[in-house]
Amino acid sequence: MLRLFETYLEGCPQLILQLYILLEHGQANFSQYSAIVVSCCAISWSTVDYQIALRKSLPDKNLLNGLCPKVTYLFYKLFTLLSWMLCVVLLLFLNVKIALFLLLLLWFLGIIWAFKKQTQFCTSISMEFLYRIVVGFILIFTFFNIKGQNTKCPMSYYYIVRVLATLGILIVFWVFPLSVFSPDYFIPISITIILTLLLGIIFLIVYYGTFHPNRSEETKCDEIDGKSVQRDCRMRYFLME
C-alpha cells in the first residue's frame, strides 16, 4: 500500500510533465521515450503489486499466481493509464485552469467515494482522513479496490465515465484544434489515446472474465466451531501492519 502511494504521488505528476514536454516539442530521442515507458510500467506495476498483496490479506480469495494473470492485469493498468495521461496533457494544452478543475473535481469525487466506503485501514481518525485523501488522488488516474470488497459496479461506472471523458476531450480538440499541433501530428495522438484505452478495456475484461482468482464456495475452508472468525481483521489493519 505504501509503495502504491509513493509511486502514484511521485510518478503521475512526473509522467504528465514528461508527456507535456514530449508533445510540446514534437520530437524526442530514444531516452525520452524510454523514460516514459519505464514510468508507465513502474506506476502500473505498483498497482499489480498492491493487488497481489491485497488478495493475500483476504481469507475468501485465492492468491494471484501465475504469469498470465499478472501480465494481463499489468497491461490493463498500463494502457488505461497511458490513455488518460495523454488526455490530461492535451487538456493542459487547451486550458490549464480547465485541466486543474477537472483533476480537482475527480479528486474530490474520489475522496467522497472513499468516505462512503468507510475504510478502516488506519488506527487513528487523522491518519484515516489522510489515507482517504491519498486514495482520492490515486482514483484520478486508475481504479483500485480500497476495501477488499466486490467492486464490479463501481469499476463499471468508473470506466464508463473515463470513456466519456476521453471522447469529450478528443471531440473538443477536433472542434477547436490548437496551433501547437499540426493535423498530421494530432491524428497519431488521437489514435494512440483511443487504441490504448480500447486495449486497456479489453485486458480488463479478459482479466476479470478469465484470470480473476475468486475462491468458489466449494473450496472454502470450514470454520472452526466455537468462537466466530473475524473475516475482516486482516483487511482492517492492512495499512498499519
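The figures that follow rest on heavy atoms only: side chains count, while hydrogens, waters and symmetry mates do not. All residue numbers in this chain count up from 1 along the given sequence. Computed from a predicted model, the values in this text were never measured in an experiment.
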message: Under a 3.5 Å distance rule, please check whether Y158 uses its side chain to pair with a backbone N or O of L139 as donor and acceptor.
response: yes

- line: For L78 and C41, the nearest pair of non-hydrogen atoms, with its separation, is CD1-N, 3.9 Å

Minimum heavy-atom distance I201-T80, with the two atoms named: N-CG2, 4.3 Å

query: Stepwise, does the side chain to side chain contact (heavy atoms under 4.5 Å, CB included) test hold for D49 with L4?
result: CA-CA 8 Å; D49 193 32; L4 180 72; over 6 Å; no

message: Show, in sequence, the C-alpha distance, side-chain angles and deciding distance for S190 and W174, and conclude whether the side chain to side chain contact (heavy atoms under 4.5 Å, CB included) test is met.
response: CA-CA 9 Å; S190 302; W174 279 106; 3.4 Å; yes

query: Counting N and O atoms only, with roles assigned by atom type, does the side chain of T72 sit under 3.5 Å from a partner on the main chain of C68, one being a donor and the other an acceptor?
result: yes

field: Value rounded to 0.5 Å, distance of CZ in F203 from CG in L198
entry: 10.5 Å

message: Are the side chains of Y159 and L204 in contact, using a 4.5 Å heavy-atom criterion?
response: yes

Hydrophobic cluster membership, I205 vs F79, 4.5 Å side-chain cutoff: yes

- request: Find the distance between CE (M127) and CZ (R132) and round it off to the nearest 0.5 Å.
  value: 12.5 Å

task: Might you point out which heavy atoms bring R3 and S46 nearest each other, and give the distance in Å?
output: O-CB, 4.5 Å

message: Set out, in order, the CA-CA distance, both residues' side-chain angles and the distance that settles side chain to side chain contact (heavy atoms under 4.5 Å, CB included) for V135 and K117, then state yes or no.
response: CA-CA 11 Å; V135 165; K117 298 298 290 184; over 6 Å; no

statement: Residues L15 and C40: closest non-hydrogen pair is CD2-SG, 3.6 Å

message: Same cluster or not: L22 versus V37, using hydrophobic residues (I, L, V, M, F, W, Y) connected whenever any side-chain heavy atoms lie under 4.5 Å apart?
response: no

task: Find out if a path of hydrophobic residues (ILVMFWY) with successive side-chain heavy-atom gaps under 4.5 Å connects V38 to I36.
output: no

- request: Return yes if some donor-acceptor pair links the side-chain N/O of K77 with the main-chain N/O of I43 below 3.5 Å, else return no.
  value: no

Distance (rounded to the nearest 0.5 Å) between I187 CD1 and I191 CD1: 6.5 Å

task: Might you confirm whether atom CG of L164 has over 12 heavy atoms from other residues, nucleotides or ligands at distances under 6.0 Å?
output: yes

query: Can you tell me how far CG of L82 sits from OG1 of T192, rounded to the nearest 0.5 angstrom?
result: 8.0 Å

- request: Report yes if the distance between the aromatic ring centroids of Y76 and Y207 is under 6.0 Å, otherwise no.
  value: no

query: Does the side chain of Y208 reach to within under 4.5 Å of the side chain of K152, using non-hydrogen atoms?
result: no

Nearest-0.5 Å distance, CD1 of residue I16 to CG of residue L19: 8.0 Å

query: Are L9 and W45 grouped together when hydrophobic residues (ILVMFWY) are joined by side-chain heavy atoms under 4.5 angstrom apart?
result: yes

What side-chain donor-acceptor pairs closer than 3.5 Å can you find for residues 84-102, not counting sequence neighbours?
residue : atom : partner : partner atom : Å
W84     : NE1  : I140    : O            : 3.1
N95     : OD1  : K97     : N            : 2.9
N95     : OD1  : I98     : N            : 3.2

task: Report whether Y131 and I112 are members of the same hydrophobic cluster (ILVMFWY, side-chain heavy atoms less than 4.5 Å apart, transitive linking).
output: no

query: Once you round to the nearest 0.5 Å, how far does CG of L74 lie from OG1 of T47?
result: 9.0 Å

message: Would you say the rings of F137 and Y8 are close, in the sense that their centroids are separated by under 6.0 Å?
response: no

query: Counting N and O atoms only, with roles assigned by atom type, does the side chain of R162 sit under 3.5 Å from a partner on the main chain of F141, one being a donor and the other an acceptor?
result: yes

message: Please report whether the ring centroid of Y157 lies less than 6.0 Å from that of W113.
response: no

- prompt: Do S83 side-chain atoms and I193 backbone N/O form a donor-acceptor pair below 3.5 Å?
  reply: yes

Side chain to side chain contact (heavy atoms under 4.5 Å, CB included) evaluation trace for L104 with F108: CA-CA 6 Å; L104 289 174; F108 179 71; over 6 Å; no

message: Around atom CZ of F115, are there more than 12 heavy atoms from other residues, nucleotides or ligands closer than 6.0 Å?
response: yes

